[in-house]
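Residue numbers run from 1 in the order of the sequence given. Ligands are counted one by one from 1 in listed order, and the atoms in each one are counted from 1 as well.
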Amino acid sequence: MEYDIKWYRFNPLFVPLTTGVFATIFYFVFKFTPVYNPIKISVYTILILFSSFYWIKEAFEDLVEKKEIGTGILVIAAVIGSIALGLWSEAVFLSVLYGTAEGIEDYTYARTRRSIRSLLKLVPKEARVILNGKEKVIPAKDLKIGEIFIVKPGETVPTDGIIIKGSAHIDESSVTGEFNPVFKDSGDTVFAGTTNTDGLISVRVTSLFQDNTVSKIIELVEKAQEAKSKTQLFIEKFGRIYSPIVLITALVLMIIPHLFGVPHSLWDTRAISFLVAAAPCALIMSTPVTIAAGIGKAGKHGVLVKGGTYLEALGHVKTVLVDKTGTLTLGKMSLVEIIPIKVNKDFLLSVVYSIEKFSNHPIAKALVKEIKPLKHQKFSVSHFKEISGFGVEAEIGGNLFYIGKPENSKDNEAFKEHTNSSFEDGKIIVIVRRDSYVIGILALSDAIRPEARITVEELRSRNIYVAMLTGDNKNSAYRIAAKLGIKDVRANLKPEDKLKIVEEFKHKAGTVAMVGDGINDAPALATADVGIAMGAIGSDVAIEAADVAFMSDNFKNIVFVLDLGEKARQINKQNIVLAITVLAILIPLTLAGLINIPSAVIFHELSELTAVINGVRAGIGT
Ligand code: ADP
Ligand code: MG
């Protein structure tokens with residue numbers, strides 16, 4: 001249900017609370033002054049109708065639409081039962097308390113879900129556009145694609161766009177959770193809600209105000225908060241069987257003693273207390289708030305968790321498999337060696353530049369960036385093809401070119417012939433082939449992420465097994481693994497090998513998370529219990545492919561998200577244990593007649609509210 005969360009408009013909570021106040025007043029009035037019975041009954045009837053207005057509607061909706069006997073129906077039965085026994089004040093307080101608890105619950109849930117909207121407040125409502133060479137302030141929602149706006153130092157970007165002039169350090173913490181400002185230059189993308197800390201930049205609009213990255217994040221988070229977790233689905237399934245049993249048991253409790261001549265009202269009140277005590281409200285509320293709170297908190301840290309199932313799975317992760325290039329390393333490689341073979345260097349670089357321009361792989365990006373300032377030509381390229389885990393292929397002037405890792409013996413021969421033994425030491429080797437002849441060898445070196453080592457240590461201190469999976473060569477892989485203290489290294493993998501390894505780990509090591517860049521690791525990410533993509537901001541493909549997406553490319557987020565999952569798991573466990581314990585204590589007490597209807601109601605609602613408040617904890621803290 002969508003609620004307006006301004007409290008005075010929030011009827012589902014406001015109504016039962018005010019009715020509660022009136023019910024209390026009338027209760028004492030009727031207690032101490034003799035009132036004609038029909039008046040009393042009319043007042044109580046009105047109070048019941050008012051206080052139950054919202055929850056009765058929901059209960060019947062469940063019954064009619066989902067054909068389900070939910071907790072609401074159990075409470076309706078208890079209210080009707082109380083009235084039938086002439087226990088009017090019990091009936092009123094049952095309705096009021098149940099309505100209040102439901103209202104608090106819905107309110108809390110709605111607030112938790114809406115908390116991510118605070119991100120929108122960071123996006124300015126106005127933009128400085130340049131129209132006919134003049135600066136003009138217009139509402140940001142009127143910005144059209146292709147228009148140019150400027151952002152001065154200290155100002156916040158109104159919508160996503162590409163810098164066309166100027167450069168600046170941009171504070172992206174609102175979207176990525178990352179506090180170090182990022183340097184952005186001509187051609188780089190800036191996102192709505194991020195702040196220009198120094199320079200003056202002109203930006204060309206690439207997405208409308210309502211479609212910008214922040215809006216997309218909010219939409220995804222809100223959708224994810226609603227996606228039910230496995231535990232939640234299981235509890236609901238259980239409730240569908242359990243609740244009708246409770247209802248039937250209560251009816252039997254009323255009828256059977258009567259058949260044996262036991263005084264009617266004794267077992268009748270017990271049956272009603274039982275109905276209230278046995279309703280599984282706390283159990284049903286044990287997980288949804290926790291999940292919404294946890295996912296909301298992650299969203300505010302620039303981490304998208306795409307549903308309760310994944311948040312739960314994160315709390316169970318025993319193994320983290322990590323891609324190397326771009327995940328453990330910065331993926332910002334530098335070209336350290338260029339060896340042309342029977343062609344000139346200029347031609348070799350021109351081929352590489354013209355083809356790699358079309359690839360998104362970190363190696364391709366690095367090559368393009370490094371070659372750009374060097375003297376080279378631009379060739380027209382056709383039939384471009386990305387060979388996942390190997391490299392790229394394309395045609396130039398009728399010749400087929402391959403740029404990628406050495407994959408056959410001819411490549412290796414050429415490699416041995418043209419390089420010396422120290423060459424391969426830890427570098428990424430890229431072969432350039434024209435038809436079947438190697439025409440060049442390139443070597444790149446990549447730097448380890450500054451946070452990688454400490455993150456691996458933190459994972460290990462949580463008893464999590466860490467292994468590196470990479471498509472790169474063994475030398476390069478082992479050199480980096482050694483520096484990070486990762487002992488399990490699998491190198492030279494094709495994408496399908498990565499997938500197989502993920503499956504093996506799932507079999508022998510429980511819940512497996514795989515961290516990659518989300519672009520060329522998509523199959524492995526999809527196979528893992530939790531597939532995590534790093535640096536997903538601005539990349540719909542990566543967000544799409546992953547179960548969890550880090551907006552920034554800070555590898556340390558893995559620790560944050562595993563801890564969040566663990567906390568959510570603990571809270572859910574506490575809530576379930578609490579709910580079952582309360583049921584296990586209250587049910588026998590009501591059956592033994594040791595607890596009356598009002599006490600059953602109060603304990604029952606208290607356990608439900610405790611579960612809700614405990615759930616909110618998942619969204620609190622850092
Ligand atoms: P990783 O598992 O380290 O992320 P990938 O599976 O993405 O590696 O790629 C494996 C190897 O394939 C890379 O180390 C590189 O040698 C080669 N490769 C992949 N794509 C390209 C490309 N666009 N250009 C050159 N080489 C590439
Ligand atoms: Mg990769």
Within-cut-off N or O pair, [X] and ligand 1, under 3.5 Å:
{"X": "Ala364", "value": "no"}
{"X": "Leu493", "value": "no"}
{"X": "Thr470", "value": "yes"}
{"X": "Asp323", "value": "yes"}

Give the atoms of ligand 1, by number and element, whose distance to some non-hydrogen atom of [X] is under 4.0 Å.
{"X": "Gly404", "result": "25 (C), 26 (N)"}
{"X": "Val392", "result": "23 (N)"}
{"X": "Lys498", "result": "1 (P), 2 (O), 6 (O)"}
{"X": "Phe390", "result": "12 (O), 17 (C), 18 (N), 19 (C), 26 (N), 27 (C)"}
{"X": "Glu356", "result": "22 (C), 23 (N), 24 (N), 25 (C)"}
{"X": "Gly391", "result": "18 (N), 19 (C), 20 (N), 21 (C), 22 (C), 27 (C)"}

Inset, instruction - Using heavy-atom distances, let me know which of Lys324, Glu386, Arg490, His361 sits nearest atom 20 (N) of ligand 1. - result: His361

Using residues 522-542 as the side-chain source, report each donor-acceptor pair under 3.5 Å to any protein atom, sequence neighbours left out, with the distance given to one decimal.
| residue | atom | partner | partner atom | Å |
| --- | --- | --- | --- | --- |
| Thr527 | OG1 | Pro523 | O | 2.8 |
| Asp529 | OD2 | Val512 | N | 2.7 |
| Ser539 | OG | Ala542 | N | 3.1 |

Legend entry - Salt bridge Glu413-Lys416, side-chain N to carboxylate O under 4.0 Å: no

Legend entry - ligand 1 versus Asp472: contacting region, heavy-atom distance under 4.0 Å: both

